[in-house]
Amino acid sequence: MLFVSIIRAFMFAGQSFWRNFWLSVVTITIITLTLLSVNSLVILNVIGDRSINILKDRIDVSVYFKPEVTEAQAREVRTFLSSLAQVNQLEYISQQDALEQFKQAHINDSDIITSLAELDENPLGATLRVTANELGDYPEILSILDGSQYNEFILEKNFNNHQEFIARINKLSGNIQLLGLVAIILFMFIATLIVFNTIRVAIYTQRDAVRVMRLVGAPNWLIRSPFLIESFLYGLIALGITIAIIYPLLRTIQPHLSTFLLLVDFNIIDHFNSNFLIIFGTQLLGIILLAGFSSSIALRRYLKV
Amino acid sequence: MIHFKGINKIYPPDTAAVKDLTLHIKPKEFVSIIGRSGAGKSTLVKLLTAEERSTNGKVVVGGVDITSIRQNQIPSLRRQIGVVYQDFRLLRNKTIFENIAFALQVCGVAPARIRDVVPQVLKIVGLPDKADRYPQQLSGGEQQRVAIARALIHRPKVLIADEPTGNLDEINAKEITDLLLKINEFGTTVILVSHDRHVVDGIKKRVVVMEDGKVVSDKRHAMYDL
């Protein structure tokens, strides 16, 4: 009996959906726009985070030793730096390797290659490339080096400081997120009102049937549930349409991620696929809560059961 | 069967629709309630179906005090009380069969049972061949009989007819009255609220007269006399 009633509740919901078809279309459109704005924010977040992580990985300190510093001395400095808690990774480039890398980098510059060939000795010293645990550790590491006994071995320290750039990206990302959030809240508010109004119209359209249901003693849940089901249906269809729009959109932007954002190894479609349940499951839950809340208020106000 | 004990119903701010009303209706009784407009007859019907709550007093139906009935218990009460109204309240986009079946569908009755019960009820009200018609294809009297059939579908202990002949001519009104009497003979308590003198006089059963929210007369085998 309960199963039969549940089936009937779904049937009544479907009937109401079709009877107010264009209103249903409008409601679904508004909810879809809300979900698209949410997903846009998700995409921006993902891209922003990835970009920032890539930039962070490129930050390092290069310590150039004087040419006369021996390998043993350079390795001593390396051992000293590796003992620091702030240091994550160390890459030692020997004098010979440094020279080879220099030659490779200037292979098309015949003047430099010719000049190098005329030298008897390797003019370059060894190099230590230091990667810290956190961005804030770099100034500390430099300060420790400056104050250490090994400072006399060091010709130069080069800090590839993308920090300012990262800060700018962070700020831009934050602003976009804020705008996105405002858009989402606005759309959610509009969606709540639209669902409320749609259910109100559905109640009005079905008022004769509702009156008869109350008259003949239909259970209250059976009178209310078709309207709730109808509002959930709007959310479900809207989510389906959103997914149908988002994936082609992701396919469109994927090539540009490699080209413009240097996100070479990042596939945003794979990211969405592997987090499908979390991303869209959360949205489904959110939209069901929104639709349920909105339609409950309409039912309480206009249905009076 | 039905007891109204010291019932008062006051609509805000201070309109007293029913004043200190006490009335007892026995099982299987046929009672006509008459009175002028505003006497409180419809309010009495609403109190009985829990559409309204009394300001004070008690309403007992079938031994159950429904005065402070919970919201989720009201549907159960209404399945025990069939009601027909002057305006029939049929669904115009459903056939007669579907109109009556609807009353069972919304209470979770299985399709097979609906297919069995509906024709039986249509036979009782004398419309076995009209199942596939729509309400607008029937006369007023036939539509009211469909409404009665729907009211009977749960086999209620009480049938309330609130001005059932108000939109009908004399002949159709007589048919409806006869049908109500027939239903009463089957053992259902019938409460008829009516302005129609001819209807009440033709029944010759108990007549309760209401005036200004009170019962002013209660006679067995009475006539329409305000």
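Chain identifiers are assigned alphabetically (A, B, ...) following the order of the sequence lines, protein sequences preceding nucleic acid strands; residue numbering begins at 1 within each chain.
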Student: Tell me, yes or no, whether the heavy-atom count around A:F10 atom CZ, taken from other residues, nucleotides or ligands under 6.0 Å, exceeds 12.
Tutor: no

Student: A:A9, A:P219, A:S5: which one forms the most heavy-atom pairs within less than 4.5 Å of chain B?
Tutor: A:P219

Student: Taking only heavy atoms into account, what residues of residues 13-33 of chain A are found under 4.5 Å from chain B?
Tutor: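 Near chain B, by residue number: A:R19.
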
Student: Determine which residues belonging to residues 104-112 of chain B lie within contact range of chain A, meaning some heavy atom pair is under 4.5 Å apart, and list them by number or answer 'none'.
Tutor: B:L104, B:Q105, B:V106, B:C107, B:G108, B:V109, B:A110, B:P111

Student: For chain A, which residues of residues 77-101 of chain B have at least one non-hydrogen atom nearer than 4.5 Å to it?
Tutor: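 Checking residues 77-101 of chain B against chain A gives B:R78, B:R79, B:V83, B:Y85, B:D87, B:R89, B:L91, B:N93.
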
Student: Does a sphere of radius 6.0 Å around OH in A:Y247 hold more than 12 heavy atoms from other residues, nucleotides or ligands, not counting ones at 6.0 Å or beyond?
Tutor: yes

Student: Considering only heavy atoms, give the residues of residues 176-192 of chain B separated from chain A by less than 4.5 Å, sorted numerically, with 'none' for an empty result.
Tutor: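 Contacts with chain A: none.
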
Student: CZ of A:R211: more than 12 outside heavy atoms within 6.0 angstrom?
Tutor: yes

Student: Return yes when atom CZ of B:R155 has more than 12 non-hydrogen atoms of other residues, nucleotides or ligands closer than 6.0 Å, and no otherwise.
Tutor: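 Count not over threshold, so no.
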
Student: Just checking B:D132: does its CG atom have more than 12 heavy atoms from other residues, nucleotides or ligands closer to it than 6.0 angstrom?
Tutor: no

Student: Is A:F12 close to chain B through its backbone or its side chain, or both, or neither, when contacts mean heavy atoms under 4.5 Å?
Tutor: side chain

Student: Contact part of A:L215 toward chain B, heavy-atom cut-off under 4.5 Å: side chain, backbone, both or neither?
Tutor: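 Answer is both: backbone and side chain atoms of A:L215 are under 4.5 Å from chain B.
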
Student: What do you reckon, is CZ of A:R207 surrounded by more than 12 foreign heavy atoms closer than 6.0 Å?
Tutor: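 For A:R207, atom CZ is crowded (more than 12 foreign heavy atoms under 6.0 Å).
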
Student: Look at atom OH of B:Y11 and say whether more than 12 heavy atoms of other residues, nucleotides or ligands are closer to it than 6.0 Å.
Tutor: yes

Student: Does atom CD1 of A:I278 have more than 12 heavy-atom neighbours from other groups under 6.0 Å away?
Tutor: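 Not buried by this count: 12 neighbours or fewer within 6.0 Å.
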
